[in-house]
Structures are given as C-alpha cells and as structure tokens.
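Report on the following structure.
This one's a predicted model, so the numbers in the text were calculated from it and none came from an experiment.
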Amino acid sequence: MRTFIDKTLEKLLILIISIMLVAVVWQVISRYLLGAPSTLTDEIASFSLIWLGLFGAAYATGKELHLAIDLIPTRVIAKSPTLFSGIVSFSVVIFAFFVMVIGGLRLCWITYTLDQRSAALEIPLSYIYLVVPVSGFLIVYYSLDIFIQKRKTLKSK
C-alpha cells in the first residue's frame, strides 16, 4: 500500500508542476509576445502552487525529508530512540489531524456552504481547499507508518 501511495503521489506532483509550468509559460507568452495577458493562468499557477506545496509536504513526510529542529542533544536521544521517535511522530500526527484534516474539512465545508468560487475560473474554492485535509491525512498515514517501521527496526536490534 505504501509503495502505491508513494508512486501515485510522485506522479501527481509531476503532473501539478507540469500544469504550473505550462500556465506560467503561457502567461509570459500571452503577456509579452501576444500583448494580451491571459486571465486564467494566474489562478491556475496559484492553485497549482498550493497543491504542490501541500502534497509536496506529504511526500516529504513519507520520505522523511521534512525539516526538523534538534532541541534535544543527540546523546540523550540515543539512550531512548523509540521514545523520542514516538514523541516526534505523534506530535506531527496530532498537528496534521487536528489542524489539517479537521480544520481543512471545516474550511471545505464552509466554502462549499457559502458557494465561494474563484474569480477567473469560477470553480468552487472547496475543490481547491480539499488538498488540505487530503494532504493532512497522508501526513498522518506516513507519520504513523514511519513510527511503526522504526519501532520494528529498533525492537529487532
């Protein structure tokens, strides 16, 4: 299952960055060569950047490439790696679940209920904001999976 999610997310990120690239290149061509800037490409590039950032954060979490701040010395962590790995994993899970999944679902529901639409594309903003709970769910999944794998590895030693 993990491999399938990784591959799907990789392909999705490539697609999103390709869409963003085409939109930005078309914006430059239409503005400077044709003299009539496209009104749609600005929103497409903006929404693509949002999706790229949030899905990229989920992908980075799965590959353990996310940023970390080392407040606790390495020698202290070495004494109890399972404990500190658990603290980090569950801190990420709690944040992603409550802020991204629950908060993101509330954001989607509010924008859906109010029928908010994007200015140029006229698509419901709830579709754009749907990336927040989906990427939050992926971060929760990856964090729990990484913790389980680390725990198995540390127990086998």
Approximate separation, where rounding is to 0.5 Å, of Thr8 OG1 and Lys11 NZ: 7.0 Å

Distance (rounded to the nearest 0.5 Å) between Ile16 CD1 and Leu12 CG: 4.0 Å

Side-chain (Glu43) to main-chain (Leu121) donor-acceptor, under 3.5 angstrom: yes

Nearest atoms (heavy-atom pairs only) where Ala96 meets Gly136: CB-O, 3.8 Å

Side-chain donor/acceptor of Ser30 to backbone N/O of Ser38, under 3.5 Å: yes

Over 12 foreign heavy atoms within 6.0 Å of OH, Tyr141: yes

Approximate separation, where rounding is to 0.5 Å, of Leu130 CG and Leu107 CG: 10.0 Å

Residue pair Ala58 / Ile139: nearest heavy atoms and the distance that separates them: CA-CG1, 3.6 Å

Those residues that, when tested against Phe90, pass ring-ring contact (aromatic ring centres under 6.0 Å, His included) (two or more places apart): Phe147

4.5 Å side-chain heavy-atom contact, Val92 and Tyr142: no

Hphob cluster co-occupancy, Leu40 + Leu15, side-chain heavy atoms under 4.5 angstrom: yes

Residue pair Ser48 / Met20: nearest heavy atoms and the distance that separates them: CB-CB, 3.7 Å

Arg117 side-chain N/O to Glu122 backbone N/O, donor-acceptor pair under 3.5 Å: yes

ILVMFWY cluster, Val99 and Tyr129 together (side-chain gap under 4.5 Å): yes

Chi angles and distances behind the side chain to side chain contact (heavy atoms under 4.5 Å, CB included) call for Asp6, Lys63: CA-CA 9 Å; Asp6 287 343; Lys63 297 295 182 185; 3.8 Å; yes

With Phe55 via ring-ring contact (aromatic ring centres under 6.0 Å, His included) - residues at least two apart: Trp51

Ser46 vs Asp42, side chain to side chain contact (heavy atoms under 4.5 Å, CB included): CA-CA, chis, key distance, verdict: CA-CA 6 Å; Ser46 297; Asp42 186 41; 4.2 Å; yes

Distance in Å, Ile87 CD1 paired with Leu83 CG, rounded so as to fall on 0.5 Å steps: 4.0 Å

Single-linkage hydrophobic cluster, 4.5 Å side-chain cutoff, Val132 and Phe95 together: yes

Joint hydrophobic cluster, Ile123 plus Tyr112, side-chain heavy atoms closer than 4.5 Å: no

Separation between CD1 of Ile14 and CG of Leu52, rounded to the nearest 0.5 Å: 11.0 Å

OG-CG distance between Ser126 and Asp115, expressed to the nearest 0.5 angstrom: 8.0 Å

Transitive ILVMFWY side-chain link Tyr59 to Val101, under 4.5 Å: no

For Asp145, salt bridge (charged side-chain N to carboxylate O under 4.0 Å, His left out) partners two or more places apart: Arg2

Closest heavy-atom pair and its distance - Ser143, Thr61: OG-CG2, 3.7 Å

Atom of Gly56, atom of Leu13 and distance for their closest heavy-atom approach: N-CD2, 3.6 Å

CA sep, side-chain torsions, deciding dist, call: Leu125, Ser118, side chain to side chain contact (heavy atoms under 4.5 Å, CB included): CA-CA 6 Å; Leu125 286 177; Ser118 67; 4.0 Å; yes

Leu34 side chain reached by Trp26 side chain, heavy atoms, under 4.5 Å: yes

Greater than 12 external heavy atoms within 6.0 Å of Ile17's CD1: no

